[in-house]
Amino acid sequence: MTNFEETNLSENFQEKIFDGLNPPQVEAVKCLEGPLLIVAGAGSGKTRVLTCRIANLLAHGVEPREILAITFTNKAANEMKSRIGKMIGDTARATWISTFHSFCARVLRKDIEVLGTYTKNFTIYDASDSKNLIKECITDLGLDADRFTHVPKIISREKSNLVNAAQYTEKSLEVKEGGDYVTQVAKIYTVYEKRLVDNNALDFDDLISVTERIFREHPEVCEKYQDRFRYISIDEYQDTNLAQYRLVKHLAAKYKNICVVGDADQSIYGFRGADMRNILNFEKDYPQAKIIRLEQNYRSTKMILAAANGVITNNVMRPEKNLWTEKEQGKQVRFIHCVSDKTEAAFVAREIKKLVTQENVRYDEIAVLFRTNAQSREFEERFIQADIPYLVVGSLKFYDRKEIKDIVSYLRLLMNPRDNVSFLRIVNVPRRGVGPINLTRLTEFATSRNLAIFDVISNDEFLFQVPQLSPKVTQKLREFAAMILSLSASKDKLPVPAMIEAVLKESGYLSSLTEGEEATKLDSASRVDNLSSFVSSAQDFAEMEPEGTLEDFLNHVALITDVDEIEEENSRVSLMTVHAAKGLEYPTVFLTGMEEGLFPHPSAATVSAMEEERRICYVAITRAEENLYITAAGERRNFGKSYATEVSRFVYEIPRECLATFSERHSLNSNFRTASNAEAIHEQKYYPDHRNRRAAVEKMKAKIIMSAAKEKIDWQPGNQVRHKKWGLGTVMDVQNDTLKILFANPEIGEKNLKTKFAPIEKI
DNA sequence: TTGAATCGCGACTCT
DNA sequence: CGCGATTCAA
């Protein structure tokens, strides 16, 4: 950077930082020291304020590395990073902008060893890993797993309230009614806690609570971070739970430069311990706090905002607020009462087609929202038929797929040999002739010696002591151990993507899918496809973080969510739950399934739970910029049966003048006299073999994947290719499935790429 | 041990 | 209805 630019920097800053901000926003951006609460209504530009405020801190000479910003999703973090980067340049990279969980993971990778129980290479277990481990604890205690199905939820809740197993046990002694049950839960919790340590693993809640514990028990570590992060901002503060709240409190205790942003009306994470009181009591925590309200909405039309306000005013427990907009009046919210869930999906598909073909709307300007993930299926089926490109955000996360979890388990085992959960998952995948009986024997032996299972099989002295192992099995286990050890030896030498390819190959995982009978199976193709996406995501990661280790990549994989990955390249309709839509906005929104018994969800038994449902509805409505459709089905299929449903109370809470109501019943053609008849016709038409409807959908999906696939291309030197990231190139050499490609971009140069994995097309 | 067939139960939201 | 867990035969 030249001196000239340097001198112009601060004027430039002023312009960029304050340009287009309204007075309260300016005030917030200017307030740099001390505690600050920004009460920011939906669409009031809070992200912008947070971003500009950080830029302003930097403009005032605060070092980038002194800044910590916690956001709700990784996507929001990345967006903020890139916006700040645009304002002030590369130095912004040194700021820590991340989610609570990523922040904690980073702290723990550095400092977890002060506890003496974990090592830095710990594994992060996702929800299903920890659920499985808990189940194992239950059966090992000789208890009936069916009676304890919601123990994972209980434990998670206790952890987010910073109650550990010992404290829970103590608490359980005082419980009078149902004390038996609680006592047993306490036992399960205790065993689970111990197993996590044995496995050198942390679950999601541990990431927060263990970090909090370190800050509490080791003031010297805490102070290190206090001195480092002298300026802290927390987004979506209304959704923090006790653990997160305490964590923030520790961090901010010394300098008290803490800025929190939030909106109590958008608190929708009560189920994981979020406590609105954290934001409502901010002034009590920090009596000198400055409070700024952002009440001008820049997102939605007057009509949509009035609808949202009409709904949320029905909440009693709510701070006074007046959100307004200068935007145009806009169209009324359209409410369509459909016959069934099927016709609802059909309506949405038709309307989307109409918008796209007649009104020049792009697919990616449209979102379909629902309360529960299960509702997405109907839309998916319909959209496939109608050729509407879509993206389901959430539900089955990409990294939750079997094949991905398998490979991740291999990688985890390489990192952390103590990880028995991952070991047991993959030791017989692909089949190595090691069945459950042998594994139980192994596990029992390892547990009795206080060893990790992998330690046993990688050490002949131990392995030969395991009772009742046949020589065949022993041999297989030794081969497995040797394979893992040899992969492990190369883990620091190979770049992450190459490492993954090596695992796929050496483990025999890939060939088990591509060779023999498996290869002809329908889902093998899509699994291989997913694995190739996994490798490309590792390539993306390696590009973004050239220094990134396998550990860093696994961190990333454990903490990334689908919302983080909404891509902008292809125009697709987004399908997601309201929760996943938080923080996002779309010109056109379909809010679907607005029925009693679904939204509000029947589990909302108390007044405060119902108020949370209403806030979820408020969040949904306020995602829309111009067009909002609300739909309800008169009849919905659940567990294979159809039920009559009633329109959600929230629909009636929308002011009449904001709502245009349509009923599908009156506009049906003669074929559709009754709902059941309509469904019969629907089945016949689209699924000739409707006993196998699911397979039909899979087939359609596979077809789509196939048509895009680059398989069976006859590659020749001289072929021109286009790579998703690296642009144009020429094939220089072909060896089996590996292409040597010279890219036009001199910075990329020559690369060796696997045809199966590389995101390339022949041109 | 493995693969196929059957059984039984279940779904709210997410890091 | 669909999935995962369990059961059973080879």
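Keep in mind that the numbers below use all heavy atoms, side chains included, and drop hydrogens, waters and symmetry copies. Here is the naming used below: chain letters follow the sequence lines, and residue numbers restart at 1 for every chain.
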**Message:** Please check if the number of heavy atoms outside A:Lys476 that lie under 6.0 Å from its NZ is greater than 12.
**Reply:** no
**Request:** With heavy atoms under 4.0 Å as the rule, sort A:Asp126 into base, sugar-phosphate or nothing.
**Result:** nothing
**Message:** Looking only at the aromatic ring of each residue, does the gap between the centers of A:Phe100 and A:Phe204 stay below 6.0 angstrom?
**Reply:** no
**Message:** When you compare the ring of A:Phe271 with the six-membered ring of B:dT13's base, are the centres less than 5.5 Å apart and the planes under 30° from each other?
**Reply:** yes
**Prompt:** Parallel, tilted or perpendicular for A:Phe72 and A:Tyr269, by the 30°/60° rule?
**Reply:** tilted
**Message:** Quick one about A:Thr577 and A:Asn373 (side-chain donor to acceptor, distance below 3.5 Å, no hydrogens or angles considered), yes or no?
**Reply:** no
**Prompt:** When you compare C:dG4 with B:dT13, how far apart are their C1' atoms, in angstrom units rounded to a whole number?
**Reply:** 22 Å
**Request:** Kindly say if A:Arg377 contacts the phosphate of C:dC1, meaning a side-chain N or O under 4.0 Å from OP1 or OP2.
**Result:** no
**Item:** DNA chain B-proximal residues of residues 137-162 of chain A, any heavy atom under 4.0 Å
**Value:** none
**Item:** Nearest-Å distance for atom pair CD/C1', residues A:Gln375 and C:dC1
**Value:** 16 Å
**Asked** Counting only side-chain N and O atoms of A:Asn638, is one of them less than 4.0 Å from OP1 or OP2 of B:dA11?
**Response** no
**Prompt:** Would you say the side-chain atoms of A:Asn241 and A:Asp275 include a donor-acceptor pair closer than 3.5 Å?
**Reply:** no
**Complete:** Rounded to whole Å, the OH-C1' distance (A:Tyr399 to B:dC14) equals 17 Å
**Asked** Which residue, A:Arg431 or A:Glu612, contacts DNA chain B at a nucleotide closer to its 5' end, judged by nearest heavy atom?
**Response** A:Arg431
**Asked** Nearest nucleotide by nearest heavy atom, which residue falls closer to the 5' end of DNA chain B, A:Phe639 or A:Phe72?
**Response** A:Phe639
**Prompt:** Whole-Å distance between B:dT15 C1' and A:Leu247 CG?
**Reply:** 14 Å
**Whole-Å gap separating P (B:dC14) and NE2 (A:His601)** = 12 Å
**Asked** Among the nucleotides B:dT15, B:dT1, B:dC12, which one has an atom lying closest to any side-chain atom of A:Ala127?
**Response** B:dT15
**Prompt:** Any Lys/Arg nitrogen of A:Lys405 or A:Asp126 sitting under 4.0 Å from an Asp/Glu carboxylate oxygen of the other?
**Reply:** yes
**Message:** Could you tell me how far apart A:Tyr269 (OH) and B:dT13 (P) are, to the nearest whole angstrom?
**Reply:** 11 Å
**Request:** Quote, to the nearest angstrom, the C1' distance that separates C:dA5 from B:dC12.
**Result:** 23 Å
**Message:** Parallel, tilted or perpendicular, judged at 30° and 60°: which one describes the rings of A:His556 and A:Phe541?
**Reply:** tilted
**Asked** Who are the ring-ring contact (aromatic ring centres under 6.0 Å, His included) partners of A:Tyr118, not counting sequence neighbours?
**Response** none
**Request:** For A:Arg272 and B:dT15, give me the distance from atom CZ to atom P, rounded to whole Å.
**Result:** 6 Å
**Asked** Of all the nucleotides listed (B:dT1, B:dC12, B:dA11), which has the minimum atom distance to the side chain of A:Ser603?
**Response** B:dC12
**Message:** Check the phosphate of B:dT2 against A:Asn428, side-chain N and O only, distance under 4.0 Å to OP1 or OP2. Yes or no?
**Reply:** yes
**Message:** For B:dC12 and A:Asn373 - does any side-chain N or O of the residue sit under 4.0 Å from the phosphate oxygens OP1/OP2?
**Reply:** no
**Asked** How close or far is atom C1' of B:dT15 from atom NE2 of A:His101, stated in whole angstroms?
**Response** 4 Å
**Complete:** Here the distance between atom P of C:dC3 and atom NZ of A:Lys402, to the nearest Å, is 9 Å
**Asked** What is the nucleic acid contact for A:Thr372, judged by heavy atoms within less than 4.0 Å: base, sugar-phosphate only, or nothing?
**Response** sugar-phosphate
**Message:** Measuring to OP1 and OP2 of B:dC12, would you say a side-chain N or O of A:Thr577 lies under 4.0 angstrom away?
**Reply:** no
